[in-house]
Every structure is written in C-alpha cells, then in structure tokens.
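See structure below.
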Amino acid sequence: MADTETSGPLAGVRVIDLSTVVMGPYAARILGDLGADVIKIESPTSLRVGEYRNTPGMTPLHLNVNRNKRSVNLDLKDDTEHAQAVRLIHTADVLITNMRPRALARLGLTYEDLCAANPGLVYAHAAGFRSDSDRADIAAYDETVQAASGLVDIVNRTLGTPLHLPTILADKVCGLTIAYSVLAALVHRNNTGHGQQIEMPMADTMIAFNLVEHLAGHTFEPASGPTGYLRSLAEHHTPRRTKDGVAALIPSSPQNYRDLFAAAGRPDLVADPRVNGPVVDPFDADDLSVLVDECAPALTTAEWAETCAKDSIAMGPVLELDHAHEDPYVREGHLIETVVHRTEGPVRTTGIPVRFSATPASIRRLAPVPGQDTAEVLAELAATR
C-alpha cells in the first residue's frame, strides 16, 4: 500500500462522498483510486449494521467500497455541523450523493443551493429513476432496477425462471457510469470554468446498458425480428464440463469448430456441413453448442487451454472465487493483495485494474473507521478561511 500522499491522474481533485450503500460509494472509491482526495461525510447516528457496516467491526462490502477515503462525522440536522458540511462542499470539485430530492431540498443541499458559492462544482446525483418522472421518489435497489431495466426478463428467457443475477450488477454499472460522467464534467469545467449538475438514474442507465445487444431486431422500424441477442439467449450458451473441470469454450468461426472437433477426436464432426461454409449460420449455433458440450470431456481443462491457444479458439478456465487469490494470473497482476487494516487486522483488497504509465493509481488508505478523519479535515477547513 502506498503512503498517504495523493498520486494518480486525479491528484488535486477533491470529492465529497455524501452517499450510502454501494453505487455512490463505489463511484467515489474509483475516483479515490485514481488519486482524488475523497472525503466521506457520515452522520454519527447513521445505521451501522446490515450489509454496510457491522457493529463494531466492518463488513467486507464496506471495506471494499470505501478505501482511499477520509471519513468525517457531521450531523446534517445540527446547525453548526450542517454549516461545516456546506463549507466543506464549497471547497470541493465534485459532490456525489444519492439522497432523495426531498431530503436534499430540506437540508439546503440541492445543486441550486450550492452552485452560487461554488460555480465550478460537479454535482452528481444518483437515483433510481428520473427526477421528472412519476417514479422520482420511489426507493430503488439493485434487484428492483434489474427488474425495471429488463434484466430479469433476459434471464427468464434463458432459464425459464425470472431470477435476479447473483451479483449487484446495477449498483456497480451505475457506479461506473457516475465515475465516467464526473470525469467528463471535469473536462468540461477545465475547458469552460463552469461546473454542472449530473443526474444519473439507475433504471435509465441499465435500460441503455441491457439494450446494447438485446434491442436486436427492434433496432429497426419496423422491427426486423424479435428483441434478444440470440447468442447470449441460446439454451446451451454455458460453460462446458471438461475431463477434470469446467471451462468456457467459445468457437466462433468454421475453422474454430473444425479444430475443436479434431482435437476431441471427432473427425465425423469435422466434416459436418454446418462448419464447412464461410461462416457459421447463427441458427445452427445452438445445435453446434450441443456438440461442443459433447466434445469438451475429451480433454482436461489444461489440455484445452493449450489446444485453444494454438488454434486461436477463445477459451477461459473458470476462476473459483474461493481460490481466486491463489490463481497465477490474479497473483502476478496483484489483483488481490493482503494488507493490514488499523482495526480489522489483515484483510484482502482488490487491486486497481487500470495501469497509467505517467500517473499510476494507488491504494493509499484503507476504509476509514467512522469519523476517524473529522479533526484533520475540519482543521484543514478552518485553515482555508
């Protein structure tokens, strides 16, 4: 872990994180990883249990979304501490919040309340739905956004059962969207001197995300076919059982299929007319996938890796999460590292996946104890008067 001196391409940028749970904190963590000075404002009376914090310890989720931040305890309902929070925001380049519009208005923390004193402020407000829609004040969670964005329907088409994906995909995708939108607004401010308000509705973001491929035939007017990307929705678009494990085997050209069938010792399939044209007919793809399933147990996962590398067939062994930290690729790339937290002891943290040649990002601070930086930050604030 690096020392606490700010490094990275966002060195010199100050971000106020006035958000909770995952989406907003994850976006702020990304900016912190890139070098920003992220100050998390938390109420000393806020709930410290559930998925966000344990009492007295920290949950894994809290540790993962709140590194590279300083924590300040300020009660926004207290006049003195509210004023300190507002002054702190006036020193910031970016504010990220997922508070509901009514609460922000009640606290005097809307964009209009803040931009007069800080016209360069990039004000990123994340919510479940657009502020001008009839759903503006509806509570939104990852599962409800998966449903509202069509993701549950996509899963239902594939499995025949409406399920939520076993990952908080909406929270994380929307966190990434907040981060890149803030960066775009900072470029605009650099060019013009003016900040702006960013509204980031989760449902809208995930609808746009899901329909990149699944708009499909409805891309055209009139529609040329149904919605849904056939390759992803195919019944047998699944990892394959090899001789000793599981792997993703993804042949994509006629030559890929012929080479795969040959490696499995199936010359009869090499001669199949479906893999002897210039392209593979997408309507044959699911039937061919069944044949790949049949061939996969002929070799071990390691043998398939060697064969597929030689023949330029896309292949990936399945990373088992329980052993992820032992995986050679993960280990060599420092994608999971063990560090020592001041209260939690040895903990594992994910690395920073993006590499910058001139301004390397770093993990400078682990997730803070609630309010641990209050005195330091308020002293800095007093010094700016």
Side-chain angles (χ1 to χ4, degrees), residues 1-44 46-74 88 92 94 96 98 168 171-172 175-176 178-179 182 321-322 324-326 330-356 359-380:
M1 196 174 76
D3 60 31
T4 56
E5 271 192 41
T6 303
S7 63
L10 292 185
V13 172
R14 171 168 285 185
V15 177
I16 303 300
D17 180 8
L18 190 60
S19 66
T20 57
V21 193
V22 177
M23 173 179 53
Y26 179 52
R29 191 209 85 176
I30 292 170
L31 300 177
D33 286 354
L34 296 179
D37 174 24
V38 181
I39 300 173
K40 187 171 184 64
I41 297 179
E42 303 186 86
S43 168
S46 64
L47 193 64
R48 306 284 188 208
V49 296
E51 65 181 30
Y52 190 54
R53 277 218 177 98
N54 285 334
T55 302
M58 299 181 181
T59 65
L61 189 53
H62 170 73
L63 287 166
N64 286 331
V65 300
N66 286 302
R67 74 181 184 207
N68 279 336
K69 299 181 185 181
R70 296 191 283 172
S71 173
V72 174
N73 272 348
L74 291 173
L88 193 55
V94 179
I96 296 175
N98 63 346
I168 48 174
D171 274 331
K172 291 184 287 186
L176 290 167
I178 294 169
V182 164
L321 297 186
D322 284 348
H325 61 286
E326 301 166 348
V330 172
R331 191 172 58 248
E332 291 163 10
H334 304 286
L335 301 181
I336 300 175
E337 295 187 88
T338 299
V339 294
V340 179
H341 190 277
R342 61 184 291 177
T343 62
E344 309 305 304
V347 297
R348 291 194 180 106
T349 189
T350 55
I352 298 174
V354 182
R355 298 182 177 186
F356 295 83
T359 55
S362 64
I363 301 171
R364 304 173 306 283
R365 299 172 179 268
L366 300 180
V369 173
Q372 76 175 40
D373 306 296
T374 303
E376 175 185 278
V377 172
L378 293 184
E380 293 172 1

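Atom set for the values below is all heavy atoms of this structure, side chains included, hydrogens, waters and symmetry mates excluded. Throughout, numbering of the chain's residues begins at 1 and tracks the sequence.
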* Residues which pass salt bridge (charged side-chain N to carboxylate O under 4.0 Å, His left out) with Asp33, listed by chain and number, not counting sequence neighbours -> Arg29, Arg67
* To do: Inspect the contact between Glu42 and Lys69 and indicate whether a charged nitrogen and a carboxylate oxygen are less than 4.0 angstrom apart.
  => no
* Does Ser71 reach the main-chain N or O of Gly371 with its side chain, forming a donor-acceptor pair under 3.5 Å? -> yes
* **Check against side chain to side chain contact (heavy atoms under 4.5 Å, CB included), Ile168 and Met23** => CA-CA 9 Å; Ile168 48 174; Met23 173 179 53; over 6 Å; no
* Run the side chain to side chain contact (heavy atoms under 4.5 Å, CB included) check on Leu88 and Ile41 step by step: do they pass? -> CA-CA 10 Å; Leu88 193 55; Ile41 297 179; 4.2 Å; yes
* **Side-chain donor or acceptor of Asn68 paired with backbone N/O of Ser362 under 3.5 Å** => yes
* Do the side chains of Val182 and Val15 get nearer than 4.5 Å, heavy atoms only? -> no
* Structure fact -> Closest heavy-atom pair, Phe356 versus Ala361, reported as atoms and distance to 0.1 Å, is CD1-N, 4.3 Å
* Asked: How many angstroms lie between atom CG of Leu31 and atom CG of Leu10, to the nearest 0.5 angstrom?
  -> 6.0 Å
* Asked: Would you say His341's side chain and Leu366's backbone share a donor-acceptor pair under 3.5 angstrom?
  -> no
* To do: Measure the CG-OG1 distance between Leu335 and Thr349 for me, rounded to the nearest 0.5 Å.
  => 11.5 Å
* Structure fact -> Between the CD1 atom in Ile16 and the NZ atom in Lys40, the distance rounded to the nearest 0.5 Å is 11.5 Å
* How long is the span from the CD1 atom in Ile178 to the CD1 atom in Ile96, to the nearest 0.5 Å? -> 6.0 Å
* Asked: Once you round to the nearest 0.5 Å, how far does CG of Asn66 lie from CE of Met58?
  -> 8.5 Å
* Flag if over 12 foreign heavy atoms under 6.0 Å of CZ, Arg348 -> no
* Ile39 backbone acceptor or donor facing Asp17 side chain under 3.5 Å -> no
* Determine the minimum heavy-atom distance between Ser19 and Asn98, stating which atoms define it. => CA-OD1, 3.2 Å
* Asked: Is a donor on one side and an acceptor on the other found under 3.5 Å between the side chain of Thr374 and the backbone of Asn73?
  -> yes
* Asked: Taking atom CZ of Arg14 and atom CD of Glu380, what is their separation to the nearest 0.5 Å?
  -> 5.5 Å
* Verdict with supporting geometry, Gln372 and Thr343, side chain to side chain contact (heavy atoms under 4.5 Å, CB included) -> CA-CA 11 Å; Gln372 76 175 40; Thr343 62; over 6 Å; no
